[in-house]
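Position 1 is the first residue of the sequence; numbering continues from there.
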Amino acid sequence: LQTVHSGLAEKAVDATIDLLLQKKLDGIICIEMLGEGFDFPNLKIAAIHKPHKSFPVTLQFIGRFARTNAEKIGKAKFIALPQDIRIDMEQLYKEGKVWQEIIPDLYQNRILAGAETREKLATFTPLNEEFLSDLSLDDFKPLQHVKIYRLFDGANLETQFHLKEAKVVKRFKSDKLSTILFISESMEIPDWSSTDVFKRIDYDLFVIYYHAETNLLFINSSKRNETLYDEIVQQMAVQNNGKPRYERLPIWETNRVLRELDEPCFFNIGMVNRIAASHSESYRIIAGPRAQEALLRSDGNIYHRGHIYGRGREKNQWVMLGYSSSARVWSNKTASIPDLIEWCRCLAESIASKSPVTTNSALDVIPIPERIKSLPKNIWTAIWNEELYLSFREAKYELGIPATPETSETADVRKTRPLEHQFPLLDFDLKVVMRDEDRIRFSIQNDEIEWQADYSPAYPYFTFISTTRNNFKVRCGSRWVDMIDYLKEHPIGFLTERQDQIQGSGILKYGMKFQPFDRRKIKTIKWKKEKVDIAYEYGPPVPIKNSRRKENLISIHDFLTKYLIASDAEVVFYDHASGEIADFITFKHSDNSLDIALYHVKGAKTKGNPKSKSKSEPKAGARVGDVYEVTGQAVKSMTWLSKERLQKQIKYRHAKKHPFKKGDMKTLDTLFAMADENNLPYKSEIYIVQPGLSRSKIAERRDILNILASADDYLTRCHCVKFGIMGSN
């Protein structure tokens, strides 16, 4: 063999060809392709080691070796690795085919496919001619990535679209394909700059397909922005009584895109930790060539599906496919506009089928939420979406804003300048305020504001109901979005007494049974002997004037301060306020660990104001109200129990004037440094301090015991060494 290529002198190439003609060579090695006019029918074996840049060039190369214009030259053979030659290969390898028939057919099929694509693109009508009038849709190759919504009252294909942060400069519509396509123009400044010097114009492509039979809307966008998706679907959805009715496709329906996938193999599996406050991992990702084989049956007790990505056979072809709980579905390739629409149509048909979806792999052990049919009655606490623990989010609000439009016109209000406050969103407390048959009222609050909203299982899930307009916003990247919009995309969760979790329109049933709560975990304190007003949580002593109690009683916090200072704890940090880690956090260094304990305090429930001069003495008992809030605080505080996060948060809270009752910041830093130096693990303990809870009187109260058992089980799975209660006899 000898090599010929364009880098050689013409004389050298001619000499090689002469040797070939004289049959002194068995063949030649050609770099790129043989030029026009070269004809040597005796060359009958062609091997391609590097694919050509285009299909026509490949066909031309094959044609050099498929000639039949000479006698006794034998059959042609064409050798290549299948993954290198992406043409209609199955036809090339079928026996009995004649080359001169196959090659024209292959090229003709390409021509026909191109003609079909152009025919479909011809159904698009440009709705504005002034911008890029010579634009060809055949040049567009969007990535196969869509976000899916259900429109309850249909779609309006006449929508013109008005976007807040971009201008629609070109719009097309195809009634036949039920698709709108538009291009937007926006001025962008890099996140790292605040000057207009680097301002640039960005163009984005949007392809929106509506599948009328299923009422599903598919949004393909080169700019993936949740607010932008919401703007589009709100304008596309037909309004009912003045409101667009739609929902983001829930994960139990999105999961149906796996229906047509045979022999699936998953490369990337994301799972949401149902123990949402777990400090170990809120979201677990397994990646590898066969990631599903790393799953254990016990994982189904702790996690539910977040996202998956893998491949499988679909109609005898290997395809890549992924989906996430945020109603996104994607593949790994770009496609023409008609091919993208056809892909969406096939997804819609898979989603429409109600039959069960099984992958016959270990992925099937990871559960998926189901749609809520009715709200459970035993909801006891609220937790932030796992997204908040994965991404730092700031919140801001304004004070001094009038409650109603009428008062805003008064002279006094006009003089009021709203004060803007900005804090990490995790500094705000979540609290369930009220529950009824079809809604849950909850609050997001700190020491300054209480922002309230209602949750219901119907999209968009949350309705703002607060009487004050605090302009509550959350920072997402470089943008500030309304709290309601943030919650729509990242809904908070609600826990039931049996650890079922509600999020969005779905409920995930807890699959394990937890043991009855051991009442021996309640440590009884003689509160009366300690001169503690069990209804008075914190503050200075309160004089009680009655025949039985003439001395001033102290608060529960004052008692616990003395109790913890007298203990063997080396550091006692007091963090009582909105966004607290706990009311008290203690630290102690032992030989084998750094011991951390969190104490959550609540006063016994009584009628009237517990700070007032009461004529009746509050008593310990078995009141559900004494358990709900403080137990919920204990569960949610688990998110702080990592050394790095806890140390950082205490420094932040201490800078906000939260004091040390024993020890100081230097002592705490020393304890953390010793633990790091000696690779010591930390042991976490969580206590609720509730004098209103009587160990003897809750013996027959199954509802209270269920709440305590649920919290005990939850915290144990979060690697909490001990869950204890300081209560009454």
message: To the nearest 0.5 Å, what is the distance between CZ on Arg259 and OG on Ser355?
response: 3.5 Å
message: Checking side-chain polar atoms at under 3.5 Å, does Tyr323 have a donor or acceptor matched by the opposite partner on Asn255?
response: yes
task: Would you give the length of the straight line joining atom CG of Leu508 to atom CD1 of Ile502, rounded to the nearest 0.5 angstrom?
output: 11.0 Å
message: As an exercise, state the distance from CG of Leu137 to OG of Ser174, rounded to the nearest 0.5 Å.
response: 10.0 Å
task: Return yes if some donor-acceptor pair links the side-chain N/O of Glu231 with the main-chain N/O of Lys164 below 3.5 Å, else return no.
output: yes
- prompt: Is the shortest heavy-atom distance from the side chain of Leu295 to the side chain of Ile286 under 4.5 Å?
  reply: yes
task: Identify whether NZ of Lys or CZ of Arg in Arg435 sits under 6.0 Å from the centre of the six-membered ring of Tyr628 and within 45° of that ring's axis.
output: yes
query: What residues, two or more places apart in sequence or in another chain, satisfy side-chain hydrogen bond (donor to acceptor under 3.5 Å, both in side chains) together with His304?
result: none
- prompt: Within a strict 4.5 Å, meaning less than it, do heavy atoms of the Ile341 and Cys344 side chains meet?
  reply: no
Test of ring centre spacing under 6.0 Å for Phe494 and Tyr455: yes
Distance in Å, Lys173 NZ paired with Ile208 CD1, rounded so as to fall on 0.5 Å steps: 13.0 Å
query: Taking 4.0 angstrom as the limit, do Glu188 and Lys223 come out as a salt bridge?
result: yes
- prompt: salt bridge (Lys or Arg N to Asp or Glu O under 4.0 Å): which pairs involve residues 199-212, sequence neighbours left out?
  reply: Asp196-Lys199, Arg200-Asp202
message: Main chain of Leu228, side chain of Asn225: is a donor-acceptor contact present, judged purely on distance under 3.5 Å?
response: yes
field: Working for side chain to side chain contact (heavy atoms under 4.5 Å, CB included), residues Ile492 and Ile383
entry: CA-CA 6 Å; Ile492 62 173; Ile383 55 176; over 6 Å; no
Ring centroid separation Phe152 to Tyr246 under 6.0 Å: no
field: Salt bridge present between Arg311 and Glu263 (N-O < 4.0 angstrom)
entry: no
message: Ring centres under 6.0 Å, that's the criterion: do Phe218 and Trp343 meet it?
response: no
field: Straight-line distance of Lys120 NZ to Glu342 CD, nearest 0.5 Å
entry: 5.5 Å
message: Less than 4.5 Å apart, side chain to side chain, heavy atoms only: is that true for Pro369 and Trp252?
response: yes
4.5 Å side-chain heavy-atom contact, Arg224 and Arg328: yes
field: Lys636 to Trp384, cation-pi by 6.0 Å centre distance and 45° axis angle
entry: no
statement: Test side chain to side chain donor-acceptor pair (under 3.5 Å), reference Tyr486, set Arg475, Glu387, Lys473, output is Glu387
- request: Kindly say whether His162 contributes a backbone atom to a donor-acceptor pair with the side chain of Gln235 at under 3.5 angstrom?
  value: yes
task: Look at the side chain of Thr159 and the backbone N and O of Asn156, then say whether any donor-acceptor pair between them is shorter than 3.5 Å.
output: yes
query: Between Leu151 and Val233, is any pair of side-chain heavy atoms under 4.5 Å apart?
result: yes
Derivation and outcome, side chain to side chain contact (heavy atoms under 4.5 Å, CB included), residues Leu261 and Arg313: CA-CA 6 Å; Leu261 219 57; Arg313 285 190 178 276; over 6 Å; no
field: Side-chain donor-acceptor pair present, Asp230, Thr227, cut-off under 3.5 Å
entry: no
- request: Test side chain to side chain contact (heavy atoms under 4.5 Å, CB included) on Ile351 and Val257 and set out the steps.
  value: CA-CA 6 Å; Ile351 292 168; Val257 300; 3.9 Å; yes
- request: Check step by step if side chain to side chain contact (heavy atoms under 4.5 Å, CB included) holds for Thr496 and Gln501.
  value: CA-CA 7 Å; Thr496 70; Gln501 186 178 142; over 6 Å; no
message: In the structure I gave you, are the side-chain heavy atoms of Tyr149 and Leu216 within less than 4.5 Å of one another anywhere?
response: no
task: Measure from the ring center of Phe462 to the ring center of Phe442 and say whether it is less than 6.0 Å.
output: yes
- prompt: What about Phe472 and Phe428, are their ring centers closer than 6.0 Å?
  reply: yes
task: Please identify each residue that fulfils side-chain contact (heavy atoms from CB on, under 4.5 Å) with Arg441, with sequence neighbours left out.
output: Val433, Met434, Arg439, Gln452, Asp454, Ile465
Ser710 (side chain) donor-acceptor with Asn706 (main chain) under 3.5 angstrom: no
query: Side chains of Ser456 and Asp438: donor-acceptor distance under 3.5 Å anywhere?
result: no
task: May I ask you to say whether Glu226 pairs ionically with Lys147, meaning some side-chain N is under 4.0 Å from a carboxylate O?
output: yes
query: Do Glu185 and Ile201 have side-chain heavy atoms sitting under 4.5 Å apart?
result: yes
query: Crowded around Asn316 CG? As in, over 12 foreign heavy atoms under 6.0 Å?
result: no
message: Can you tell me if Lys167 has over 12 outside heavy atoms packed within less than 6.0 Å of its NZ?
response: no
message: I'd like to know if Glu450 pairs up with Lys431 as an ion pair, taking the criterion as any Lys NZ or Arg NE/NH1/NH2 lying under 4.0 Å from an Asp or Glu carboxylate oxygen.
response: no
query: Are Arg371 and Glu253 close enough for a salt bridge, meaning some N to O gap below 4.0 Å?
result: yes
- prompt: Going by atom types only, do Asn220 and Tyr209 share a side-chain donor-acceptor pair under 3.5 Å?
  reply: no
statement: Value for CZ (Arg171) from CZ (Phe182), rounded to nearest 0.5 Å, stands at 9.5 Å
